[in-house]
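First comes the structure, then the notes that go with it.
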2 protein chains.
Amino acid sequence: MDAQDADSASGFERVFAYLQERLLDGTLKQGERLMAERELAAQLGVSRPIVREALRALHVLGIVEIRERVGTIVKRPDASMLKDFFTLALAQQADLIDDVMEARIAIECQAVRLACERATIADFERLQRALIRIGETIDDADAGGAADFDFHRAIVLASRSPTLAVLHESMSTLLARSHRSRRELVQQFSSMKSYLIDDHKRVFDTIVARDPDRAEVTLRRHFAIGDEYRRRAVTGEGDRPETRSAQGA
Amino acid sequence: MDAQDADSASGFERVFAYLQERLLDGTLKQGERLMAERELAAQLGVSRPIVREALRALHVLGIVEIRERVGTIVKRPDASMLKDFFTLALAQQADLIDDVMEARIAIECQAVRLACERATIADFERLQRALIRIGETIDDADAGGAADFDFHRAIVLASRSPTLAVLHESMSTLLARSHRSRRELVQQFSSMKSYLIDDHKRVFDTIVARDPDRAEVTLRRHFAIGDEYRRRAVTGEGDRPETRSAQGA
DNA sequence: TTTTTCGTTCTGGTAAGACCAGTAGGATGA
DNA sequence: TCATCCTACTGGTCTTACCAGAACGAAAAA
């Protein structure tokens, strides 16, 4: 194994694996500076461009920060590269958009549960602000979409979970466009305005009530109704979707 | 903006942005080969090492495949790099492990719902095989952990969602170790054997019954009970956790 | 004509050396 | 003691060069 690591593996692999080990075994901790590129290259017996490839790799993974003329520093992991990934991945497989949407629902449903347990006053305030803006911007597709987005983001932030937040952000940025086009359905369905306002309000209320089960059910129905609107828009059916369980709220 | 892209941005940024654009606007499609490194370097006015840094970056993001002496090919996006990311990220912030676990629960709960709608016979068979193995390996921490892992993975696979599958895999690989240590609690709690066997069976039954709501509730309770076992192990309390809603199944 | 073989050409992988431009920190001078 | 300057060091980048294997077409053999 060691022999293979040292011999058969490519230079890049060796350097990357070396740094990975150092990061995993705690030799390199957050905030610390790595060896200089030249030093690293000499120590591992590779050329500097190879070392730079490995450092770039760690950089796009959000593990290190490369500061010009200063050095390479281990930073607090940042998953913003997920955004790049999802964006590029979706460009290749556009059909994944519904799939990603489902993953987003997964994240939000878990988030709303945690939010019920952990939300602070500040979180409630953020949610309420978003709620008010949704009402104010109901006739504006762009601003309305942004307000909608903010509300859902506020839910995830209220969950106080960095992982959920990062996953959600990387996906919702990507879904923003489709979200916006959905907002344009407001013109088609008169009932959609009240859906947008009242339904978000219902979700908000369940969080304030700190009722995880009801919060998730309400949020899930919120997504389902939105889907139904979209379906009707595609098939050209009339107004008022109201999934069969609308009496529950 | 263009001027800035061309002037102020570093060479790496330029190349990366250029390739990103090409991927987003569909100029580069899956399976296609990129320009040769030399050609790319000449066209963008940078040196080959810089181009290689950008290509490596796309490679670690799982967007392209670099085939030695053949070329760089746009491949089907592969999120396996998430595994690297989560692994390295967790090494820096070990306290994130509970946070990641919550995200995993989010994924599985959504997956089990979708599985109820979409699971095929093959999925049922895979689930059942895992179930049987859980019973067979109940006294073996290693094999038992693997069986447990397989069962949960089977749920996600049954959801037929690539995104959920990829997210789940990247997290569960990482959680495998903590999962395993949890399995060693089997020795401490006599009731845990039946928990492991019966509880998984209950989840399986709800999927077969294609009842999303009950499936999610059951799975959520499954996680809660596991957590409770772990809590008791830490605090040194006795046997039989049985969260207050155990009669529901 | 078909098949095999060979070799040129192109590709990525890597090394080595060099220059630039800021940074950091010690040495120097006020 | 403090402000200033200088120098070593760092990352950013380019250039040149060589290797080895893959691809592909031409030439030779069947």
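Keep in mind that this is a model prediction, so the values were computed, not measured. Below, chain A is the first sequence line, B the second, and so on; all start at residue 1.
Per the geometry, CZ belonging to Arg69(A) stands 14 Å off P belonging to dC20(C), to the nearest Å. If you measure from atom CG of Leu34(B) to atom P of dC10(C), you get 19 Å, rounded to the nearest angstrom. Distance Phe16(A) CZ to dG13(C) P: 16 Å, rounded to the nearest Å. In this structure, CZ of Arg14(A) is placed 14 Å from P of dG13(C), rounded to the nearest angstrom. Separating the CG atom of Leu44(A) from the P atom of dA16(C) is a distance of 14 Å, rounded to the nearest angstrom. Following rounding to the nearest Å, Met35(A) (CE) and dT10(D) (P) show an atom-to-atom distance of 12 Å. Ile73(A) has its CD1 atom 12 Å from the C1' atom of dT23(C), to the nearest Å. In this structure, CD of Glu37(A) is placed 17 Å from P of dG17(C), rounded to the nearest angstrom.
Nearest to the side-chain atoms of Ser47(A) among the listed nucleotides dT14(C), dG13(C), dG11(D) stands dT14(C). Distances were taken from every side-chain heavy atom of Ile50(B) (C-beta onward) to each of dC14(D), dT23(C), dT14(C); the shortest belongs to dC14(D). Out of dT15(D), dG12(D), dA15(C), the shortest distance to the side chain of Val46(A) is found at dA15(C). Ranking dG12(C), dG22(C), dT14(C) by closeness to the Ile66(B) side chain, first place goes to dG12(C). With dT23(C), dA15(C), dC14(D) as the choices, the nucleotide that has an atom nearest any side-chain atom of Val70(A) turns out to be dT23(C).
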From CA spacing to verdict: side chain to side chain donor-acceptor pair (under 3.5 Å), Gln43(B), Arg38(B): CA-CA 9 Å; Gln43(B) 179 167 335; Arg38(B) 289 169 178 80; over 6 Å; no

Test log, rule ring pair (Phe, Tyr, Trp, His ring centres under 6.0 Å), inputs His152(A) and His168(A): CA-CA 9 Å; His152(A) 287 274; His168(A) 185 263; 7.5 Å; no

Residue pair Ile155(B), Phe204(B): steps toward the side chain to side chain contact (heavy atoms under 4.5 Å, CB included) verdict: CA-CA 9 Å; Ile155(B) 292 177; Phe204(B) 174 71; over 6 Å; no

Derivation and outcome, salt bridge (Lys or Arg N to Asp or Glu O under 4.0 Å), residues Asp98(B) and Arg230(B): CA-CA 12 Å; Asp98(B) 289 322; Arg230(B) 193 170 54 151; 3.4 Å; yes

Side chain to side chain contact (heavy atoms under 4.5 Å, CB included) evaluation trace for Arg14(B) with Leu44(B): CA-CA 8 Å; Arg14(B) 285 214 312 277; Leu44(B) 297 180; 5.5 Å; no

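Between the side chain of Arg48(B) and the base of dG13(C), a donor-acceptor pair under 3.5 Å is found.
For the OP1/OP2 pair of dG13(C) and a distance below 4.0 Å, the side-chain nitrogens and oxygens of Arg52(B) include at least one atom meeting the criterion.
Heavy-atom distances to DNA chain C give each of Arg38(A) and Arg33(B) a nearest nucleotide, and the one nearer the 5′ end belongs to Arg33(B). Residue-to-nucleotide proximity on DNA chain D shows that, of Arg67(B) and Glu53(B), the 5′-proximal contact is made by Glu53(B).
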